[in-house]
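Here's the structure, in structure tokens; my notes come after.
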Amino acid sequence: YHMRVSDGDVADVVLCDKYHDMTEFNCFTFIPRKVLHFEIPCYILKMFENLKILDEFRIKRDILTRFLLYVKKGYRDLPYHNWVHAFSVTHFAYLALKNFQLVELGYLSKLEALAYLIACLCHDIDHRGTTNSFQQQSNSVLASLYSSEGSVMERHHLSQTLATLNTDGCNFLECLNRVDYIKCLDLIKNLILATDLQVHYRIHARQQTMAMDGFNRKNPEHRYYLCSLLMTCADLSDQTKDWSETKNVARLIYAEFFTQGDLEKKMGKEPVVMMNREKASIPDHQLEFLSDCCVCIFRILARIFPIAECLVDAINQNIKAWEKSKPIFKHLTANYATSYEILT
Ligand SMILES: Cc1nc2ccc(C(=O)N[C@]34C[C@H]5C[C@H](C[C@H](C5)C3)C4)cc2n2c(-c3ccccc3Cl)nnc12
Ligand SMILES: [Mg+2]
Ligand SMILES: [Zn+2]
């Protein structure tokens with residue numbers, strides 16, 4: 001199953017010493033999806049180096065590189081849940097670590113920072129472009145494996161992550177002492193499981209309370225809520241970029257949603273409106289998602305880290321842009337079969 005990663009592939013990344021000027025790259029306005037596909041592995045290595053994480057844990061660059069090249073191969077060629085998404089989520093984690101000074105100011109330990117980056121890289125490995133409920137509906141192998149615990153896809157992403165770590169020449173964590181190694185895997189597990197939006201909806205209120213009361217780094221619950229919040233923010237960080245990016249990402253997400261809807265129709269099941277290309281109104285649904293989900297999460301983040309206010313503003317700009325797009329969508333949908341074609 002494991003398509004080999006050659007030593008040449010590893011050397012190409014390890015020996016690449018470009019991108020010295022990271023000024024743009026370190027800003028929240030930087031758009032990771034603009035990075036050339038073949039340059040992504042080098043940028044990931046640069047992020048780890050720049051954060052001084054490799055030295056801290058004596059991680060060997062060639063082993064980390066072999067790991068991330070296998071992770072890259074673990075992602076499928078899907079419109080949205082692909083390797084570029086993994087990179088864009090990891091880039092946000094890097095920005096948060098750097099701009100909020102999460103380790104320097106004691107919000108995260110160095111081990112939590114390492115786990116955060118790895119979890120972002122791996123959080124959607126081997127995604128099939130379908131939701132957890134689709135796994136149940138279609139009685140998939142993954143549902144039979146994990147549906148009793150819930151978060152079916154996220155448990156699969158975690159299992160694929162551990163399998164990749166156990167691939168020859170990929171376990172860059174082997175140099176951690178036993179306590180840190182076990183703690184790191186436990187953190188990666190919690191972080192990947194936190195990317196199930198249903199989990200987020202369940203703990204959202206408590207995250208809000210934590211932000212109002214003030215983050216207490218001595219409180220293990222607060223540490224869990226902060227890590228989960230940072231994961232969800234990273235997963236949704238495309239929504240904090242400019243309008244053309246937001247529109248482009250919506251196009252990719254609905255390509256997956258509508259493909260699942262088409263599949264469900266073929267299975268004789270009625271898809272939810274959000275996944276039915278005949279019935280979905282993308283602007284309305286996106287307005288709902290940005291207003292009820294995204295802006296709330298980033299407001300909590302901004303309460304803890306005031307410089308994240310700019311991310312809340314960016315989301316509000318995108319909400320305005322979706323409002324303005326509605327009449328155009330309404331008019332064009334009359335002429336087009338579906339509102340999706342307008343995005344393309
Ligand atoms: C822009 C944008 N819109 C999105 C609109 C909707 C949903 C979504 O899963 N909705 C729900 C709505 C209810 C309760 C649960 C389970 C299901 C039923 C489906 C969530 C996600 C959206 N999303 C994501 C994203 C984040 C994490 C996992 C997968 C994805 Cl796709 N990343 N960006 C976006
Ligand atoms: Mg996911
Ligand atoms: Zn994701």
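Counting starts at 1 for both ligands and their atoms, in listed order. The first residue in the sequence is number 1, and the count goes up from there.
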Non-hydrogen protein atom less than 4.0 angstrom from [atom]:
{"atom": "atom 11 (C) of ligand 1", "result": "no"}
{"atom": "atom 27 (C) of ligand 1", "result": "yes"}
{"atom": "atom 18 (C) of ligand 1", "result": "no"}
{"atom": "atom 2 (C) of ligand 1", "result": "yes"}

Please determine, by modelled atom types, if [X] and [Y] share a side-chain donor-acceptor pair under 3.5 angstrom.
{"X": "Asn318", "Y": "Lys247", "value": "no"}
{"X": "Ser6", "Y": "Asp9", "value": "yes"}
{"X": "Ser140", "Y": "Ser138", "value": "no"}
{"X": "Ser228", "Y": "Gln207", "value": "no"}

Check whether any N or O atom of Asp235, backbone or side chain, sits under 3.5 Å from an N or O atom of ligand 1, and answer yes or no. no

Got an N, O or S from Asp124 under 2.8 Å of the Mg ion (ligand 2)? yes

I'd like to know if the Zn ion (ligand 3) has an N/O/S atom from His127 within less than 2.8 Å of it, counting both backbone and side-chain atoms. no

Given OD2 of Asp124 on one side and NE2 of His123 on the other, what angle do they make at the Zn ion (ligand 3), to 10°? 80°

Side chain, backbone, both or neither: which applies to [X] and ligand 1 if a contact is any heavy-atom pair less than 4.0 Å apart?
{"X": "Glu256", "value": "neither"}
{"X": "Thr131", "value": "neither"}
{"X": "Leu236", "value": "side chain"}

Between the candidates His123, Gln198, Gln286, which shows the shortest non-hydrogen contact distance to atom 16 (C) of ligand 1? Gln198

Provide, to 0.1 Å, the distance between atom 6 (C) of ligand 1 and the closest protein heavy atom, together with that atom's residue and name. His285 CE1, 3.6 Å

Exactly one of His85, His157, His81 clears side chain to side chain donor-acceptor pair (under 3.5 Å) with His123, and that residue is His85

Within 45° of the six-membered ring axis of Tyr107 and under 6.0 Å from that ring's centre, is NZ or CZ of Arg217 located there? yes

Among the N/O/S atoms of Asp235, which is closest to the Zn ion (ligand 3)? Give the atom name. OD1

Which of the numbered atoms in ligand 1 are under 4.0 angstrom from any heavy atom belonging to Tyr80? 32 (N)

